[in-house]
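Ligands are counted one by one from 1 in listed order, and the atoms in each one are counted from 1 as well.
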Amino acid sequence: MSTMVEQTKKATKLIPFELKNGQPSFGFKLYQQGCANSWFPKEISLAQDKQEYDGKISEMEKHYLKYMLGFFCTAESLVANNISYALYKHTEDPEWKLFLLRQAYEEANHTVTFLYVLESLGLNREEIFDMYKTEPAIAAKKEFEEQFTVSLMDETEITKQQLFRNLFGFYAIMEGLYFFSGFLIGLSFGRRQLLKGIASLFQYILRDETVHLGFGMQAMRHLIAENPEILTEEFKAELSNLMKQAVILESNYAEVAMPEGILGMNKNYYLQYCQYIADRRMTALNLEPIYRVANPAPWLVTQTDLPELVSFFEASATTYETQV
Ligand SMILES: [Fe+2]
Ligand SMILES: [Fe+2]
């Protein structure tokens, strides 16, 4: 067990700006990718979205939008908290730390984006930001995610398996599953030529989240390759159970968020998309898929699978980079 002083020294290790073997690591490359994606929410006008929201969007669509915003407003902060209170502290690799600092900024930018959407549509900011307290389905997802942060924040030293569990909870599940199912609806409005400004903001956020997901998946593959003993049968079963629990929570959320079908989708369509995405995250980590269902929204693939980034979360577990 290291002392607090040793741990603080480790946590405050300075970032070297030297490349390893003359090559940037994936953490550094993704940091650069994130910087190249810089954007600001007010670059997109939401004036037309406001008119459409008032005149063309059905009550059920408004109901879903409210839930989607309520979840994202909470979720962005949960991710930022995980980086600030758990992940950064327990990360030793300097390039990973560099990436996490950039990611934390982007999560703040996303929170500001959702605030901009709320204000532009004339929605009640306090009501939406408080939905994690008032809506049990959102509270349940929040509680599920917070366990990964809370279990590490007071630890002075953690095992590679604990680190992997945190990455799995936040990158495979929070960003990889919950965010992508939110994008399904957000981008569906744009596909129907509605709320195109908001859909554009979602595209920007999606691009950032894809980089975050790429980082997490690559980090997990790196941990497995360097420490194959992590993946015991028991731990694999635990990860599979966590993914199943996450899908159940998402299904419960869909029950209240979309009690009737919207935008040509219904709860079953939504659930099948979640199951498809869950399996994709599992197989990208060389773990057994759980549901084995087809993608019900193939149109979304062209929007979510960004060619320059897909290799970071879809490549086989043996193609991880070795420099880090
Ligand atoms: Fe985000
Ligand atoms: Fe993110």
Side-chain angles (χ1 to χ4, degrees), residues 26-27 29-44 65 67-88 91 95-118 128-129 131-132 138 141-142 144-146 148-149 166-187 198-220 246 250 253 277-278 280-281 284 303-306 308-310 312-313:
F26 72 84
K29 277 198 237 173
L30 289 173
Y31 166 82
Q32 290 173 311
Q33 178 80 50
C35 293
N37 287 350
S38 294
W39 58 280
F40 301 98
K42 290 192 177 172
E43 289 169 345
I44 302 280
L65 267 174
Y67 270 79
M68 185 186 68
L69 292 167
F71 174 69
F72 270 111
C73 288
T74 298
E76 298 291 356
S77 296
L78 292 177
V79 175
N81 284 350
N82 188 57
I83 293 171
S84 308
Y85 299 130
L87 200 46
Y88 190 87
T91 295
E95 280 86 4
W96 289 23
K97 291 188 137 184
L98 192 66
F99 178 85
L100 290 172
L101 291 172
R102 171 72 198 184
Q103 187 189 343
Y105 155 72
E106 289 175 6
E107 307 302 2
N109 196 38
H110 300 168
T111 297
V112 171
T113 302
F114 288 115
L115 191 55
Y116 172 54
V117 171
L118 296 183
I128 305 285
F129 268 89
M131 282 177 77
Y132 73 90
I138 294 179
K141 287 206 286 181
K142 171 179 178 282
F144 176 79
E145 287 298 328
E146 276 183 331
F148 301 109
T149 305
N166 182 284
L167 292 167
F168 188 81
F170 268 90
Y171 291 90
I173 296 178
M174 176 65 113
E175 307 224 21
L177 173 68
Y178 289 159
F179 282 11
F180 274 70
S181 49
F183 294 139
L184 170 68
I185 307 291
L187 295 173
I198 293 174
S200 296
L201 291 172
F202 264 89
Q203 289 278 13
Y204 283 144
I205 294 174
L206 166 67
R207 201 169 52 173
D208 292 346
E209 302 300 2
T210 303
V211 178
H212 304 171
L213 176 62
F215 169 80
M217 296 306 255
Q218 197 74 326
M220 281 185 274
E250 190 63 13
Y253 166 81
I277 287 291
R280 231 174 122 170
R281 305 306 174 231
Q303 301 196 43
T304 57
D305 287 7
L306 308 177
E308 73 275 23
L309 295 167
V310 80
F312 278 104
F313 57 93

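- Within the protein, the N, O or S atoms lying under 2.8 Å from the Fe ion (ligand 2) are Glu107 OE2, Glu175 OE1, Glu175 OE2, Glu209 OE1, His212 ND1.
- Here Glu106 pairs with Arg102 under the salt bridge (charged side-chain N to carboxylate O under 4.0 Å, His left out) rule; sequence neighbours left out.
- Other residues, nucleotides and ligands contribute only 12 or fewer heavy atoms inside 6.0 Å of the OH atom of Tyr31.
- Side-chain N or O atoms of Asn166 include none that pairs as donor or acceptor with a backbone N or O of Leu87 at under 3.5 Å.
- Cation-pi geometry between Arg280 and Phe180 is not met: the NZ or CZ atom fails to fall both under 6.0 Å from the ring centre and inside 45° of the normal.
- Taking the six-membered ring where the residue is Trp, Phe72 and Phe179 present tilted rings, their angle falling between 30° and 60°.
- Looking at Glu107, Glu209, His212, His110 one by one, the single match for side chain to side chain contact (heavy atoms under 4.5 Å, CB included) with Val79 turns out to be Glu107.
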